[in-house]
Amino acid sequence: MTIQEPTSANLAGQTQGNGEPHNAEVNVAITGAAGQIGYSLLWRLATGEVFGERRVNLRLIEVGEGVKAAQGVAMELLDSAFPLLGQITVTEDLHEGFRDAHAVFLVGAKPRQKGEERSDLLAANGGIFGPQGKAIGEVASPDVRVLVVGNPANTNAAIVAAHAEGIAPRQITAMTRLDHNRALGQVAEKLGGGVAELDRMIVWGNHSASQFPDVTELTLKGKPVADQLDQAWLTEEFIPRVAKRGAEIIEVRGRSSAASAASSAVDHMRDWFNGIEGEWVSVALPSDGSYGVPEGIVCSFPCRLVDGQWEIVQGLSINEFQRERIEKTVAELQEEFQTVKDQGLV
Ligand code: NDP
């Protein structure tokens with residue numbers, strides 16, 4: 001279903017923040033579009049804050065009962081009268097949804113059922129993310145940028161990367177930006193500064209309780225701050241709090257942290273399209289062997305943008321405490337990867 005025809009806005013000839021010329025319009029696909037995250041995310045995508053002054057064509061991909069709900073969401077988007085919003089398409093068909101897509105948010109995933117084993121969840125999601133990766137390889141724009149949000153996000157992204165023929169591994173990422181933002185929020189509160197003054201936060205590993213939010217390289221207004229944060233606070237409060245923040249939100253709010261997840265997805269994709277001057281952010285992407293992380297595992301690293309692509313920050317010296325934490329979260333990722341490998345999913 002397409003409910004809005006393109007407007008006649010002429011946006012040709014503009015350039016991206018990184019100086020590259022870009023098209024006048026951008027095709028953006030979102031799976032699980034009728035879910036809670038989609039309900040926040042779509043409004044942010046339609047405003048222009050991610051893709052600048054380009055017209056945004058939205059492809060809302062859903063399954064089953066989600067299709068009707070997505071039609072309702074599309075109606076509301078139309079009613080919001082966003083000047084930059086182009087076509088809105090609601091579809092169950094992956095090829096229609098991903099065709100010529102420049103940006104893809106893979107949000108829909110199978111939630112874990114009570115009593116279900118992790119391997120069952122991984123297998124069920126393999127059945128979702130494998131075909132999605134294949135379709136992206138077949139019909140998306142060759143320069144497509146993919147962000148996996150649906151959990152288990154890292155391993156789902158590894159499955160996508162294994163199936164998306166012709167798409168470079170670096171074009172497929174999983175979201176640890178929410179963990180990164182959560183970590184910034186905690187430190188800013190502790191030190192009494194603003195998050196904008198903090199740089200070089202790192203989240204290593206898996207978007208799970210094993211993740212390692214790391215302040216070793218963190219700076220406040222350009223000055224290192226690690227020695228202002230005592231070790232007991234870091235190990236007993238900061239690290240577990242960031243790692244388990246999702247559960248804490250559910251307990252306090254009564255519902256999941258969908259708005260902050262959507263906001264972090266916006267941050268991730270906005271930076272990827274527009275560039276960030278010299279800053280580091282945390283991005284989960286297929287490892288190239290950096291820091292001893294086995295190749296192909298989708299692991300969160302400190303990344304900067306170089307010529308529009310994420311690059312892992314190299315050359316950091318890793319102390320024993322860091323090494324231990326990184327190894328623990330990477331071991332979990334390896335285990336997940338092995339499970340989906342045994343199931344023939346990667
Ligand atoms: P949400 O929109 O709340 O969440 C979607 C996914 O994002 C889940 O895997 C969730 O993981 C993950 N997620 C990652 N970070 C966060 C965070 N901080 N807070 C919350 N979630 C986070 O799920 P809904 O159930 O509201 O909606 C899902 C939609 O996806 C439904 O409309 C459904 O129809 C659709 N769907 C589509 C599929 C497809 O396209 N093939 C397959 C399955 C579902 P977690 O579960 O760990 O919270």
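Both counts, for ligands and for their atoms, begin at 1 and track the order of listing. Everything numeric here is computed off the predicted structure, so don't read it as measured data.
For the residue pair Thr89 and Glu96, no side-chain donor N or O sits within less than 3.5 Å of a side-chain acceptor on the partner. Side-chain atoms of Asn57 and Asn27 form a donor-acceptor pair, as typed in the model, at a separation below 3.5 Å.
Ranking the protein heavy atoms by distance from atom 28 (C) of ligand 1 puts Gly35 CA, 4.0 Å first. Of the protein's non-hydrogen atoms, Ala109 O, 3.6 Å is the one closest to atom 44 (C) of ligand 1. Remark: minimum distance from atom 26 (O) of ligand 1 to any protein heavy atom is reached at Gln36 N, 2.8 Å. Nearest protein heavy-atom contact of atom 21 (N) of ligand 1 is Ile37 CD1, 3.4 Å. The shortest contact between atom 38 (C) of ligand 1 and any protein heavy atom is with Val63 CG2, 3.7 Å. Atom 20 (C) of ligand 1 has its closest protein heavy atom at Ser256 OG, 3.5 Å. Given atom 9 (O) of ligand 1, the protein heavy atom at minimum distance is Asn151 N, 3.0 Å. For atom 34 (O) of ligand 1, the closest heavy atom belonging to the protein is Glu62 OE1, 2.7 Å.
For atom 17 (C) of ligand 1, the nearest non-hydrogen atom from the set Gly64, Ser40, Ser257 belongs to Ser257. Of the listed options Val149, Val67, Asn156, Val149 places a heavy atom closest to atom 12 (C) of ligand 1.
Cation-pi contact between Arg145 and Phe273: present, with separation from the ring centre below 6.0 Å and deviation from the ring axis of at most 45°.
Counting the atoms of ligand 1 from 1 in the order shown, those under 4.0 Å from a heavy atom of Gln132 are 39 (C), 40 (O), 41 (N). Atom numbering of ligand 1 starts at 1 in the shown order; those under 4.0 Å from a heavy atom of Gly108 are 30 (O), 36 (N), 37 (C). Here is the list of ligand 1 atoms found below 4.0 Å of a heavy atom in Leu178: 18 (N). The ligand atoms of ligand 1 that sit less than 4.0 angstrom from a heavy atom of Ile128 are 41 (N), 42 (C). Within ligand 1, counting atoms from 1 as listed, the ones closer than 4.0 Å to a heavy atom of Val107 are 5 (C), 6 (C), 7 (O). Close contacts between ligand 1 and Gly32 involve ligand atoms 29 (C), 30 (O), 35 (C) [criterion: under 4.0 Å to a heavy atom]. Taking every non-hydrogen atom of Ala261 and a distance limit under 4.0 Å, the qualifying atoms of ligand 1 come out as 16 (C), 17 (C), 18 (N).
Nearest heavy atoms, Leu77 versus Ile88: CB-CD1, 3.8 Å. Nearest approach of Phe337 to Gly296, heavy atoms of both residues: CE1-O, 4.0 Å. Of all heavy-atom pairs between Ser257 and Arg182, the closest is OG-NH2, 3.1 Å. Pairing each heavy atom of Ile249 with each of Ser256, the nearest pair is CG2-C, 4.4 Å.
Taking the six-membered ring where tryptophan is involved, the planes of Trp272 and Trp310 are tilted, since the angle between them lies from 30° to 60°.
Side-chain N or O atoms of Gln211 include none that pairs as donor or acceptor with a backbone N or O of Ile239 at under 3.5 Å.
No side-chain heavy atom of Glu311 sits under 4.5 Å from any side-chain heavy atom of Gln314. Put simply, the side chain of Val283 does not reach to within 4.5 Å of the side chain of Arg177, judged on heavy atoms.
Contact annotation: for Met175 versus ligand 1, there are no heavy atoms closer than 4.0 Å.
With respect to Arg245 and Glu248, a salt bridge is recorded, a charged nitrogen being found less than 4.0 Å from a carboxylate O.
Polar contact check, Thr31 against ligand 1: no nitrogen or oxygen pair lies under 3.5 Å apart.
Arg182 counts as a contact of ligand 1, since one of its heavy atoms falls under 4.0 Å from the ligand. Residue contacts with ligand 1 leave out Glu65, since none of its heavy atoms falls under 4.0 Å from the ligand.
In this structure, atom 7 (O) of ligand 1 is in close contact with the protein, since a protein heavy atom lies within 4.0 Å of it.
Less than 6.0 angstrom separates the ring centroid of Tyr291 from the ring centroid of Trp204.
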